[in-house]
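Predicted model, so just to flag it, every value in this text is computed and none were measured.
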Amino acid sequence: MSETSRILIVDDNSEIREVINILLSGEGYEVSEAGNGAEALEKIRQEEYDLIILDVMMPGLNGYQTCMEIRKNSNAPVLFLSARSQVEDKTMGFSSGGDDYLPKPFSYNELVGRVKALMRRYQVYKGKEQSPGEETPQKTEKVIELPGLRIEKNQEQVFRDGTKLELTDIEFSILCLLAEHRGQIFSAQRIYESIWQESYYYGAANTVMVHIRNLRGKIEKDAHNPEIIKNVWGKGYRCE
């Protein structure tokens, strides 16, 4: 990394914050802490973070509510931590704008693995991943045109009818994957393994579905009757 990545840990349990802080600081990350959602939002207004680790069950603003507020100002990946691990809980987390969901209790390897995967995608998405002293290579601008939609891949920008859209890195990656292979059918498993770069697991199809639903809400004129990303019954998704 050319600069230290910054992580914000949001949890009302100070002991959990301390443990995570020690683990991630030991991995070379710059770590900050917040004890509740309101404090986290204030820190995010003042500083830019590369990853936000967010507990779900907190007094005042819970994790889901906090994430929805975060998404008004930041596209940094959000990793939810929660003792609640039902599919419905994960769906709510992704629907509120989260990128990943790690049930408690979790192992050191699980946490660090998720953090590194999210950070790697975000750095690529933002064009930050290069070695110290390395010159930024000249890139040929890649533009993908879809009906009413313009994707400037190198600039990580998407425009609908000339208006810039705010996508998370996961949403942008899914859109590029499908748009670059127009007409091809992508199963939920193929999308998950391509974007998350992890082995497919039970419930991952729901994760993909929620992110595509969120993406459609931003790129489609009518998310209930999508024209860009279509469902192919029993098979997956296809970009028209």
Side-chain angles (χ1 to χ4, degrees), residues 1 3-123 125-126 128 168-170 196-199 201-204 206-207 210-211:
M1 296 179 202
E3 58 184 48
T4 303
S5 297
R6 307 185 73 244
I7 298 175
L8 176 64
I9 304 168
V10 188
D11 198 307
D12 61 320
N13 188 317
S14 60
E15 293 181 359
I16 291 178
R17 293 200 311 270
E18 182 180 5
V19 169
I20 297 175
N21 192 331
I22 292 171
L23 291 177
L24 297 181
S25 295
E27 292 291 329
Y29 299 110
E30 181 181 335
V31 182
S32 298
E33 299 180 18
N36 55 59
E39 183 182 351
L41 294 174
E42 183 60 30
K43 284 180 176 290
I44 291 167
R45 279 191 285 268
Q46 296 176 358
E47 303 286 346
E48 183 177 345
Y49 295 93
D50 299 290
L51 175 68
I52 300 161
I53 298 177
L54 185 58
D55 183 38
V56 171
M57 302 302 294
M58 295 187 294
L61 289 175
N62 64 33
Y64 303 138
Q65 294 168 324
T66 302
C67 188
M68 287 189 284
E69 291 299 316
I70 288 172
R71 284 290 171 252
K72 295 179 181 179
N73 300 293
S74 173
N75 284 323
V78 172
L79 170 61
F80 278 111
L81 301 181
S82 177
R84 302 174 61 175
S85 58
Q86 298 299 314
V87 172
E88 295 79 9
D89 300 312
K90 294 182 179 181
T91 299
M92 189 172 295
F94 295 131
S95 296
S96 66
D99 296 274
D100 205 350
Y101 197 107
L102 183 60
K104 296 178 181 178
F106 48 82
S107 70
Y108 165 82
N109 288 335
E110 282 181 308
L111 176 64
V112 172
R114 298 292 182 93
V115 166
K116 287 184 176 179
L118 287 168
M119 198 75 75
R120 181 171 58 250
R121 282 198 301 270
Y122 189 59
Q123 288 165 347
Y125 173 62
K126 291 298 184 184
K128 294 181 180 179
T168 66
D169 63 313
I170 293 287
W196 276 263
Q197 297 181 1
E198 297 176 1
S199 298
Y201 69 96
Y202 174 77
N206 198 57
T207 298
V210 173
H211 281 285

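Taking 4.5 Å as the limit, some side-chain heavy atom of I52 sits within range of a side-chain heavy atom of I70. M92 has its side chain out of reach of Y101: every pair of non-hydrogen atoms, C-beta onward, lies at least 4.5 Å apart. The side-chain heavy atoms of L8 and I44, taken from C-beta on, include a pair separated by under 4.5 Å. Taking 4.5 Å as the limit, some side-chain heavy atom of E69 sits within range of a side-chain heavy atom of K72. Counting heavy atoms from C-beta outward, V115 and L24 have side chains that approach closer than 4.5 Å. Put simply, the side chain of I20 does not reach to within 4.5 Å of the side chain of E33, judged on heavy atoms. V78 places a side-chain heavy atom less than 4.5 Å from the side chain of R71. Two residues are said to be in side-chain contact when any heavy atoms from C-beta on lie closer than 4.5 Å; R114 and F106 fail this criterion.
Residues N206 and T91 bring a donor and an acceptor atom of their side chains to less than 3.5 Å of each other.
Residue K90 holds its NZ atom at 9.0 Å from CG of L102, rounded to the nearest 0.5 Å. In this structure, the separation between CH2 on W196 and CG on L118 is 10.0 Å, given to the nearest 0.5 Å. For the atom pair OG of S5 and CD of E27, the computed distance is 12.0 Å after rounding to the nearest 0.5 Å. I9 CD1 to I7 CD1: the interatomic distance, rounded to the nearest 0.5 Å, is 7.0 Å.
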Item to complete: Go through the steps for D55 and N62 under the test side-chain contact (heavy atoms from CB on, under 4.5 Å), then give the verdict.
Response: CA-CA 8 Å; D55 183 38; N62 64 33; over 6 Å; no
Item to complete: Just do the side-chain contact (heavy atoms from CB on, under 4.5 Å) check on N36 and L61 with the steps written out, would you?
Response: CA-CA 7 Å; N36 55 59; L61 289 175; over 6 Å; no
Practice prompt. Could you walk me through whether L54 and C67 pass the side-chain contact (heavy atoms from CB on, under 4.5 Å) test, one step at a time?
Written response: CA-CA 8 Å; L54 185 58; C67 188; 3.9 Å; yes
Worksheet item: Between V56 and L81, is a side-chain contact (heavy atoms from CB on, under 4.5 Å) present by the stated rule, with each step listed?
Response: CA-CA 6 Å; V56 171; L81 301 181; over 6 Å; no
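In this structure, M58 and G37 approach most closely via the heavy-atom pair CE-N, 4.0 Å. The shortest non-hydrogen separation linking V10 to A40 is CG2-CB, 3.6 Å. The minimum heavy-atom distance linking G28 with T4 is given by the pair O-CG2, 3.4 Å. Across all non-hydrogen atoms, the minimal contact from G98 to H211 is O-CE1, 3.2 Å. Residues D169 and P77 share a closest heavy-atom pair of OD1-CB, 4.4 Å.
With hydrogens and angles disregarded, no donor-acceptor distance shorter than 3.5 Å links the side chain of R6 to the backbone of E47. Of the possible polar contacts, one joining the R17 side chain to the D11 backbone as a donor-acceptor pair under 3.5 Å is found.
For E15, the CD atom is loosely surrounded, since the number of other residues' heavy atoms within 6.0 Å does not exceed 12.
Applying the ring-ring contact (aromatic ring centres under 6.0 Å, His included) test to pairs two or more places apart or on separate chains, those with a residue in residues 41-68 are Y64-F80.
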